[in-house]
Colleague: 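The structure that follows is given in the form of structure tokens.
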Amino acid sequence: MRPRAAGKIGLKGFIRIHHLEILANLFYGLGIALTPQNLFMALIGVVLGVAIGAMPGLGSVNGVAILLPITFAVPPTSAIIFLAAIYYGAMYGGAISSITLNIPGASTAVATTFDGYPLARRGKAADALVTAAVASFIGGAVSIILFTFFAPPLAEFALRFGPPEEFAVVFLAYGTFAGLGGENPLKTVIATMFGLLMSTVGTDIVSGSPRLIFGEITGFYHGINFLVLAIGLYGVGEIFYTLEGGLQARERYQAKVGLKEILSTIRDLSKYWGTLTRGSIMGFFVGMLPAAGATPASFMSYSLAKRLSKTPEQFGKGTIEGVAAPECANNSASTGAMLPMLTLGIPGSPTTAVMLGALYVWGLVPGPRLFVENAEFVWGLTGSLYIANTMAVLVALFAVPLFIWMLRMPMTILAPVILVVCAVGGFSPTQDMFDVYLMFIFGGIGYIFRKLDYPMAPMVLALVLGGLTERTFRQSLIISHGSLGILFDFVGHPIAAILMTLSVFLFLLPIVPPLLRWMRGRGGPQILKTEGEL
Amino acid sequence: MKLSKWTRWLTRSLIAALAIGVLAVWSVSDALAAWKPTRPIEFIIMAGKGGGADRIARLMQKIVTENKWSPQPLVPINKKGGSGAEAMLYLKQKKGNPHVILVTLNSFFTTPRLRKLPVSYKDLTPVYRLAMDTFVLWVNAKSNIKTVDDWVKAVKAKKGKWTMGGTGKMQEDQLVTNMLQQAYGLEGLITYVPFRGGGTVAKNLAGGHIDSSVNNPSEGLPHFPGKVRPIAVSKVPTFKELGKPKLVYFMQRSINAPGGIPKGAIAWYRDLFTKLCNSSEWKQYTNKKALNRACLTGGPLASFFVEEDNKHKALLTGMGLLK
């Protein structure tokens with residue numbers, strides 16, 4: 001009594017025929033996940049994950065890769081439960097350093113800094129941390145339910161994403177970010193271009209030759225790692241900036257974080273159920289796509305929330321809605337990314353790529369047959385996701401007072417500690433000292449950017465997505481023999497064409513109304529002002 | 001006097017015996033307590049996380065850890081930059097350091113030549129060859145192509161629009177593609193689309209975004225059967241059997257250390273990987289993933305490298321990539 005592998009019967013048929021069977025399987029899976037050994041593995045994994053995620057520079061991918069050898073000692077089901085728990089925990093933990101220190105622990109947590117850090121500076125770090133934990137829980141819960149019921153048919157869908165479709169998704173992401181920049185559009189464009197320029201450093205996948213390596217600097221061969229830039233700009237730059245202002249104490253932080261405070265934050269958060277639902281569902285689907293992953297999902301969710309919010313002007317200044325949107329999306333996306341890994345053997349994110357490697361090491365072959373031949377493994381994992389998600393929210397909430405306590409340390413102690421942590425964070429992804437030096441250079445750039453009031457988010461974003469954008473665009477053009485028509489081919493590539501049309505619409509959205517107004521003769525200067533939103 | 005002379009003689013001979021004994025014990029213990037790693041071993045992978053080389057490296061780590069064959073852990077580190085250039089330059093920097101080893105692909109031969117790097121396989125110490133990975137010609141399962149003849153016809157019918165996906169540019173997959181073109185007279189009819197890793201190539205083939213691929217078996221197997229179909233090499237007929245003896249190309253999976261490391265260290269690693277290559281876990285993996293288990297070390301390995309390097313040089317020159 002296992003669900004059938006392929007989704008040839010269609011989505012509706014699949015649900016009708018199989019929902020009872022899936023429920024039975026789910027309870028079977030929960031039974032496996034609740035055995036003492038697996039429960040223990042999940043708990044250890046979640047605690048380690050939160051701790052690793054909270055450290056700048058160490059994200060879920062490092063956590064999973066470093067701790068992988070530990071799993072050799074236990075059966076595969078317990079091992080994957082352990083790794084999934086780390087993955088989950090790290091997603092919760094990533095928000096912590098974003099909020100408290102303005103240093104994103106991983107690319108998935110960059111969007112969380114936009115409102116999380118302003119909240120912390122206003123003394124509302126606890127509110128932001130509780131919001132992040134609760135939003136993560138909601139995102140996780142929604143995505144796990146989607147995962148449980150739709151895994152096989154959705155995998156089939158993910159397979160339809162080739163280079164043109166992947167490019168269209170990234171383009172759509174850019175479309176939704178339009179308006180993400182600061183006040184000055186020219187500065188936003190400059191920052192974006194700088195980010196794109198940096199994304200071209202390293203080996204060019206299409207021609208195969210190294211670019212912008214400045215002669216023969218080995219450290220540039222692997223490109224500029226996103227974390228090196230983010231930690232440099234946000235972490236080191238922030239320290240420089242704080243040092244300049246003297247080492248005066250920060251604002252006071254609310255001391256008490258009890259059940260009452262948590263409940264009141266949850267009550268505030270319930271106003272934003274629309275944002276949470278949209279973010280969670282979108283996160284799952286974007287995360288599922290092989291190319292995208294949790295980072296674009298969190299950015300898209302943030303921009304969407306800003307666009308649809310009743311109080312968009314509050315975004316960037318510290319609103320819990322701006323923390324909730326990316327946090328629910330990135331957790332949801334992390335579950336989504338596991339789906340193509342298990343059903344197709346395609347990782348949806350770097351972390352799932354390592355997990356996929358682990359599957360092979362354990363002697364399992366991912367694919368539709370995995371659901372039939374290794375039902376214990378698949379459903380044990382699914383069951384454990386429910387448990388890990390619940391554990392992670394509890395661990396994250398318990399950890400809040402600890403981090404608040406840390407924030408109340410004087411800057412004379414905190415600043416050197418942060419610098420050391422930043423250096424470790426810059427070193428760990430590539431284990432190359434070159435990246436640590438590079439990170440300090442970016443720290444200087446970050447300081448200058450802040451002094452000159454340049455927005456940093458567009459630069460980071462451009463570096464994260466730049467490589468993917470270029471690669472998929474050029475692959476599409478190679479496939480189409482140089483014709484741009486492949487991106488708008490409603491017959492051959494309907495998904496790409498629909499997404500591209502949608503993104504063009506999104507790009508035009510801020511320009512068209514003022515343009516129409518101008519054509520009606522209401523005066524020219526406005527167009528310049530509103531175009532700035534691009 | 002007599003007695004004291006006797007005593008002196010006895011003392012002298014005792015000292016001499018002791019000295020000889022100590023020397024003997026030293027030399028014996030030196031031979032017995034040969035080199036052993038004293039720090040964690042950096043296990044450099046010249047490709048990204050999740051690819052074929054990465055999987056093999058992590059499997060080796062598992063086998064060594066489980067059997068407790070090494071007193072120090074193997075720590076896999078991916079240095080994928082520049083089609084392996086980053087990894088090779090790193091090993092050159094680590095000359096004489098016995099705590100670094102490298103797991104290779106064929107870009108081990110091609111990258112230094114194409115990029116004109118100041119390093120080649122000759123600067124490294126060959127340790128052990130564990131397997132020869134095969135390449136398979138795959139098509140989407142929905143197509144009608146069942147044999148290589150069908151494939152050749154289909155390529156010709158598409159008049160230059162046939163797409164072949166592969167990993168990277170001027171790396172193994174493109175070499176194989178070019179060999180196929182030469183063997184079947186398909187020059188100029190195939191467009192090569194570079195992707196980031198073998199898994200992505202297989203996925204794009206399964207989704208019908210490219211027309212064919214030359215994935216290693218381990219990369220294509222997740223989608224087989226159902227989504228992709230192998231038409232030549234392992235279980236299906238080999239190109240050699242199909243009358244194309246020149247179309248023989250393998251991906252060597254071997255271990256190398258930096259140049260100038262102690263003899264004892266070389267011996268220790270050889271011993272370690274001999275055990276690994278002959279372990280049941282390795283036999284099982286190579287069998288399951290259709291790799292050819294191919295244990296080789298010492299002199300034969302060194303001459304194998306020379307042979308392979310010459311072969312790649314000829315291949316690259318034949319394609320006009322080298323002058």
Side-chain angles (χ1 to χ4, degrees), chain A residues 5-6 61 65-66 68-69 71-73 158-165 202-210 213 216 218-223 290-291 340 344-347 350 352-358 360-363 365-370 430-432 471 474-475 478-479 481 493, chain B residues 42 48-51 54-55 58-59 61-62 65-66 73-83 85-86 89-90 93 114-115 117-118 160-161 163 168-171 174 191-197 199-200 202-204 206-210 218-219 221-224 226-227 284-285 288-289:
Chain A
V61 63
I66 295 165
L68 184 61
T71 65
F72 298 158
L159 207 53
R160 298 181 62 182
F161 276 71
E165 287 79 10
T203 312
D204 168 22
I205 178 83
V206 175
S207 76
S209 42
I213 54 163
E216 201 63 44
T218 336
F220 277 135
Y221 266 109
H222 54 65
L344 301 172
I346 306 156
T352 47
V354 178
M355 290 164 92
L356 182 68
Y360 284 105
V361 169
W362 301 326
V365 180
R369 284 193 338 229
L370 186 73
T430 51
Q431 320 235 342
D432 195 344
R471 199 165 59 238
R474 289 171 74 179
Q475 282 165 349
I478 291 175
I479 291 175
H481 293 86
H493 299 274
Chain B
E42 288 181 42
K49 287 193 177 104
D54 186 59
R55 275 177 217 160
R58 286 175 203 275
L59 175 73
Q61 184 199 18
K62 179 193 177 217
T65 314
E66 273 183 357
L74 289 172
V75 186
I77 298 172
N78 299 77
K79 290 198 184 285
K80 64 179 161 90
S83 312
E86 188 194 358
L89 290 168
Y90 181 76
Q93 279 172 21
L114 290 165
R115 305 265 179 281
L117 295 179
K161 298 256 178 194
T163 51
K169 187 88 173 177
M170 293 194 279
Q171 278 173 260
Q174 199 175 10
T191 307
Y192 179 80
V193 188
F195 288 91
R196 237 181 165 181
T200 322
K203 174 233 145 191
N204 274 287
H209 306 288
I210 46 175
S218 70
E219 296 161 345
L221 281 175
H223 308 288
F224 172 81
K227 299 269 174 251
Q284 203 187 338
Y285 179 84
K288 216 168 169 180
K289 299 288 173 217

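Below, read A as the first sequence line, B as the second, and so on, with proteins coming before strands; counting in each chain starts at 1.
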Colleague: Measure distances from B:Leu59 to the heavy atoms of chain A and classify the residue's part below 4.5 Å as side chain, backbone, both or neither.
Modeller: both
Colleague: Step by step, work out the side-chain contact (heavy atoms from CB on, under 4.5 Å) result for A:His481 and B:Lys161.
Modeller: CA-CA 8 Å; A:His481 293 86; B:Lys161 298 256 178 194; 3.7 Å; yes
Colleague: Check the surroundings of atom CD in B:Gln284: do more than 12 heavy atoms from other residues, nucleotides or ligands lie under 6.0 Å from it?
Modeller: no
Colleague: Is there a side-chain contact (heavy atoms from CB on, under 4.5 Å) between B:Thr191 and A:Ile479 once you walk through the steps?
Modeller: CA-CA 7 Å; B:Thr191 307; A:Ile479 291 175; over 6 Å; no
Colleague: Tell me, for B:Glu86 versus chain A, whether the close heavy atoms (under 4.5 Å) come from the side chain, the backbone, both or neither.
Modeller: both
Colleague: Checking B:His209 against A:Gln475 for the side-chain contact (heavy atoms from CB on, under 4.5 Å) test, could you report, in this order, the C-alpha distance in whole Å, the side-chain angles of both residues, the deciding distance, and whether it holds?
Modeller: CA-CA 11 Å; B:His209 306 288; A:Gln475 282 165 349; over 6 Å; no
Colleague: If I measure from the heavy atoms of chain A, does B:Glu42 come under 4.5 Å with its side chain, its backbone, both, or neither?
Modeller: neither
Colleague: Pick from B:Ile210, B:Thr65, B:Val75, B:Leu89: which one has the most heavy-atom pairs with chain A under 4.5 Å?
Modeller: B:Leu89
Colleague: So for B:Leu117, is it side chain, backbone, both, or neither that comes closer than 4.5 Å to the heavy atoms of chain A?
Modeller: side chain
Colleague: If I measure from the heavy atoms of chain B, does A:Pro163 come under 4.5 Å with its side chain, its backbone, both, or neither?
Modeller: both
Colleague: Given heavy-atom pairs under 4.5 angstrom as the criterion, report whether the side chain, backbone, both or neither of B:Tyr192 touches chain A.
Modeller: backbone
Colleague: As an exercise: rank B:Pro73, B:Gly168, B:Pro76, B:Ala206 by heavy-atom pairs under 4.5 Å with chain A and give me the winner.
Modeller: B:Ala206
